[in-house]
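Throughout, a chain's letter reflects where its sequence line sits, starting with A, and its residues are numbered from 1.
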Amino acid sequence: MIAGAFNPSSFNAGLVYAWPEIFLSLAACAILMLDLLLNEKQRRWTGWLAIISLIITAVLVAVQPLSSKIVALGGLFELDRMAQVLKIAMILVVAAVFVYSTDYLQRRSILKGEYFVLGLFATVGGMVLISAASLITLYLGLELMSLCLYAMVAFDRDSGIAAESAIKYFVLGSMASGTLLYGMSIVYGVTGSLELAEIATAVRNAGIGGNIGLLFGIAFVIVGVGFKFGAVPFHMWIPDVYEGSPTCVTVFIGTASKLAAFALAMRLLPEALGASQADWSQMLVVLSVLSMTIGNIVAIAQSNLKRMLAYSTISHVGYVLLGILAGTAQGYQAAMFYMISYIIVAAGAFGMILLMSKQGFEADKIADFKGLNARSPWLAGMMAILMFSLAGLPPFIGFPAKLGVIQAVLNVHMVWLAVVAVLFSVVGAFYYLRIVKVMYFDEPTETSSIGGSLLMRTVLSVNALLVFALGVIPGTLLQICQQALQ
Amino acid sequence: VADLAMMSAHLLSWLIWLPIVGGFVVLGLGHRATVAKWVSLVVSTLALLLSIPLWSWFKTGTAEMQFVERSPWITTIHAQFYIGVDGISMPLILLTTFTTVLIVIASWQNVEKRVAQYMAAFLIMEGLMIGVFAALDGVLFYVFWEAMLLPMFIIIGVWGGPRRVYATIKFFLYTFIGSLLMLVALIYLYLKSGSYELAVFQHLPLTLREQTFIFLAFFAAFAVKVPMFPVHTWLPDAHVEAPTGGSVVLAAIMLKMGGYGFLRFSLPIAPDASRELDWLIIALSLIAVVYISFVALAQRDMKKLIAYSSIAHMGFVTLGMFIGFQIVAHTGKTSGIELGLDGAVVQMLSHGLVSGAMFLCVGVMYDRVHSREISAYGGVVNTMPKFAAFMVLFALANSSLPGTSGFVGEFLVILASFKANVWYAFLAATILVLGAAYTLWLVKRVIFGEIANDKVAALKDINGREFLVLGLLALGVLLVGLWPAPLLDVMRATTQHLAEQLLVSKVAL
């Protein structure tokens with residue numbers, strides 16, 4: 001559909017495809033209003049309502065009939081299998097994050113309705129981004145999500161470190177958005193279109209793969225994507241923001257926003273600029289190798305668990321990029337599987353920190369996990385599953401994920417890259433094992449009981465056991481990813 | 001008969017999953033230590049009983065895989081749950097089930113903290129180790145191979161000695177780095193052949209260059225596990241710090257996986273590269289035999305001494321596997337190849353029994369005196385005559401006395417080396433001298449002589465439980481030593497088939 005030839009009736013007919021996003025936006029507005037009517041004791045209801053509306057949205061996404069790719073709303077919005085899978089993954093992980101957070105916020109007496117409302121709007125932003133068919137919607141969704149996240153980082157207004165992180169995140173994030181926008185404008189200038197499909201056709205037909213202007217645009221786009229992903233050398237904000245934010249926000253950034261960054265990369269690179277894959281692959285190789293190297297090595301030196309997980313995220317982004325840079329359908333599938341499995345594990349790992357936290361005390365030091373096996377063998381077992389999975393050991397989900405991306409790079413004859421990847425995952429294993437070490441080999445320094453409602457413990461256990469179950473039987477999820485990206 | 005057929009169709013699955021499920025049940029018992037011990041004993045005994053039909057129903061005279069089970073697993077990458085045994089893996093599975101029962105009995109009293117978790121770790125590991133020996137699919141093999149590290153990591157780290165954290169992390173990372181390179185090789189083979197079946201890999205034509213890289217990747221995984229000089233340094237640390245049960249599993253079974261890997265992967269998948277690089281393996285094996293034996297001579301810690309002795313004996317295993325290429329190169333005849341392979345496999349089994357027994361002996365003394373230093377002992381025979389008899393028997397087996405299991409394997413390997421070159425045989429045979437030297441010197445200092453101190457004077461001889469464990473092992477050592485024919489019959493067809501595979505160049509295919 002050509003911009004300018006706007007047809008109101010077909011636009012309205014297309015709204016049906018955006019129904020989940022519309023519903024979630026309305027629900028978020030309603031919850032914002034309702035929250036005003038609740039007193040402190042009833043505040044938990046805000047969280048429950050947010051979780052319920054997320055689950056309804058997930059159902060709405062799941063029941064959307066989908067035979068082939070649908071482009072609607074005047075070429076702004078598209079619905080394909082990848083969008084469906086990524087949206088459901090994002091919504092479910094946000095729901096789990098909200099369950100973990102309600103408990104944590106209450107224990108730390110900072111339970112505020114804004115957290116959930118901002119979280120819901122960020123989710124809407126992520127969903128719009130995932131379904132974007134044009135550079136405009138892509139940017140719109142990205143900014144909606146980012147602005148909500150900046151505010152969420154700062155929402156505990158009495159915390160100085162959180163305010164500092166928020167400023168840092170905001171400044172660097174805006175810079176990244178600006179860079180991305182600049183790159184997009186160059187791509188628009190070269191191809192003459194904002195719609196991803198038309199950009200793809202223009203790049204392919206004109207044979208402008210080596211066009212210097214386009215290369216310039218791609219470079220800026222990659223910088224923007226790298227920033228949002230947190231790939232080295234655009235990773236500087238990650239450790240500070242992860243450490244400084246309240247943990248319930250860290251987990252949000254570490255899961256939902258990573259998924260959004262993945263969607264951003266997939267929409268921009270393979271979908272719009274697929275014909276210049278040879279160009280952006282080389283750039284991604286650099287980002288990927290640096291991320292695996294720096295992420296894994298610097299993580300060793302951390303004593304703060306949130307910071308360690310921040311560097312761990314950076315290294316895992318390097319592995320996701322391996323799948324994307326391979327530039328094959330199998331590579332994209334592997335990257336998607338890796339991303340989804342990573343956010344499941346990350347949600348669980350941050351969930352454990354949330355569970356261990358107490359009144360006025362964040363359990364974000366590695367030492368806080370000392371002797372956990374003596375205090376609660378069950379929770380220690382769950383945490384061990386999550387750490388082993390991050391290290392990529394079978395039979396946990398991290399293993400099939402790693403297998404997939406290594407297969408993807410070997411498939412395009414980059415053996416050296418596969419060897420680098422596995423060598424740095426050995427480095428990675430060292431610091432994940434350290435967590436297992438303090439939990440199992442050290443004696444506890446604290447004997448107080450661990451908090452957490454039954455619901456939170458149940459969801460967390462299900463989360464960890466899912467990591468185990470999907471590691472033993474990864475077939476279904478692999479198939480879903482395969483169908484999503486054919 | 002129908003029941004028997006059903007049983008035999010799923011026998012291997014039972015052997016893998018029974019201990020794993022049993023392990024998780026034991027884990028759930030928490031603080032009920034006594035119940036945990038009994039459940040573990042029942043589960044491990046059941047696994048041992050289940051493994052007996054594996055031997056009695058095994059068809060000798062064929063190199064085909066037996067007790068095969070195959071079902072789809074991860075369809076998108078064509079990985080299957082595909083298991084089966086041949087004449088090499090079947091005896092190793094028996095060794096695993098046998099050793100685990102002994103460990104459960106031996107650990108009955110000397111584990112004080114977190115008994116259920118300790119027992120559970122060994123049971124889960126048993127299932128995973130059987131899985132390694134039975135897997136006929138690359139991904140399945142890798143999953144078992146890697147997953148097995150986790151319980152071992154916990155066992156050394158929780159129940160180990162003072163430097164346990166260092167030892168266990170070193171152990172883990174060493175093995176992990178090798179395994180990951182193997183993973184790259186497996187994926188490469190999959191992309192080349194479109195399947196993860198080991199049998200397909202074995203028939204896949206590969207250029208010499210490809211084979212060399214694949215061989216080196218497998219070498220990284222298996223050489224660490226064996227362990228071969230110079231990547232052996234994790235073993236003494238791990239052995240010294242591990243609790244007795246952990247040392248026994250390490251020595252008796254885990255090291256064998258390296259040797260098994262050479263037989264199952266390196267030799268048949270990359271025969272040309274194996275032939276080109278045989279000098280490397282043979283040189284490293286001979287260094288292990290000669291140099292490490294001297295190192296063993298200098299040890300003051302009993303466990304360390306046995307650990308170094310293990311490395312030297314495993315050098316024999318790798319020597320036996322690769323000496324065949326030298327026989328062909330020097331004589332042009334192919335008759336001695338399976339001699340070396342037979343010797344290597346028998347040596348693996350024998351070493352499993354003997355080194356396990358030696359570590360249990362040290363464990364018996366450690367439980368009483370709480371020291372592993374040789375100098376803390378002396379004249380143990382005066383207070384523990386029954387124990388001393390066992391210890392001397394195992395020491396003699398460790399120095400390959402004819403009539404014990406240690407002799408059979410080493411004799412076959414030396415015989416094969418002789419066919420290749422007399423100097424190989426000469427160097428290999430030094431283990432008979434040096435092995436006798438360090439083992440018997442150990443026995444002299446610890447067992448014989450005057451009572452060294454009050455602690456030794458106060459020693460009580462082994463009880464019925466310990467007698468049972470050591471007695472069973474002694475029986476095994478003598479049985480294999482005096483009557484190795486049934487064992488050789490079981491493996492003969494498989495080793496012969498392997499020897500044929502080695503001679504066929506895959507480059508020309």
Proximal to chain B - members of residues 378-386 of chain A, heavy-atom separation under 4.5 Å = none
Does some side-chain heavy atom of Phe153(B) sit less than 4.5 Å from a side-chain heavy atom of Tyr440(A)?
-> no
Start with the C-alpha distance between Gln117(B) and Asn373(A), add both sets of side-chain angles, then the distance that settles side-chain contact (heavy atoms from CB on, under 4.5 Å), and finish with yes or no.
-> CA-CA 10 Å; Gln117(B) 290 188 348; Asn373(A) 185 37; 3.0 Å; yes
Let me check something: any side-chain donor-acceptor pairs from residues 312-321 of chain A under 3.5 Å, sequence neighbours excluded? List them with distances.
| residue | atom | partner | partner atom | Å |
| --- | --- | --- | --- | --- |
| Ser312(A) | OG | Tyr432(A) | OH | 2.9 |
| Thr313(A) | OG1 | Leu309(A) | O | 2.7 |
| Thr313(A) | OG1 | Tyr342(A) | OH | 2.8 |
| Ser315(A) | OG | Asn296(A) | OD1 | 3.4 |
| Ser315(A) | OG | Ser312(A) | O | 2.7 |
| His316(A) | ND1 | Tyr338(A) | OH | 2.8 |
| His316(A) | NE2 | Tyr432(A) | OH | 3.0 |
| Tyr319(A) | OH | Ala421(A) | O | 2.7 |
| Tyr319(A) | OH | Ser425(A) | N | 3.2 |

Non-hydrogen atoms of chain B under 4.5 Å away: do they reach the side chain of Phe430(A), the backbone, both or neither?
-> both
Measure distances from Tyr142(B) to the heavy atoms of chain A and classify the residue's part below 4.5 Å as side chain, backbone, both or neither.
-> both
Would you please go through residues 125-139 of chain B and name the residues with a non-hydrogen atom below 4.5 Å from one of chain A, in numerical order?
-> Val139(B)
Rounded to the nearest 0.5 angstrom, the CD-CG distance for Gln407(A) and Leu186(B) is 11.5 Å
Kindly indicate, with the supporting measurements, whether the criterion side-chain contact (heavy atoms from CB on, under 4.5 Å) is fulfilled by Leu180(B) and Lys402(A).
-> CA-CA 11 Å; Leu180(B) 281 169; Lys402(A) 195 161 66 184; 3.8 Å; yes
Leu433(A) portion near chain B, given a 4.5 angstrom heavy-atom threshold = both
Can you say whether Phe441(A) sits under 4.5 Å from chain B via the side chain, the backbone, both, or neither, judging by heavy atoms?
-> both
Residues in residues 470-482 of chain A near chain B [non-hydrogen atoms, under 4.5 Å] | Val472(A), Pro474(A), Gly475(A), Leu478(A), Gln479(A), Gln482(A)
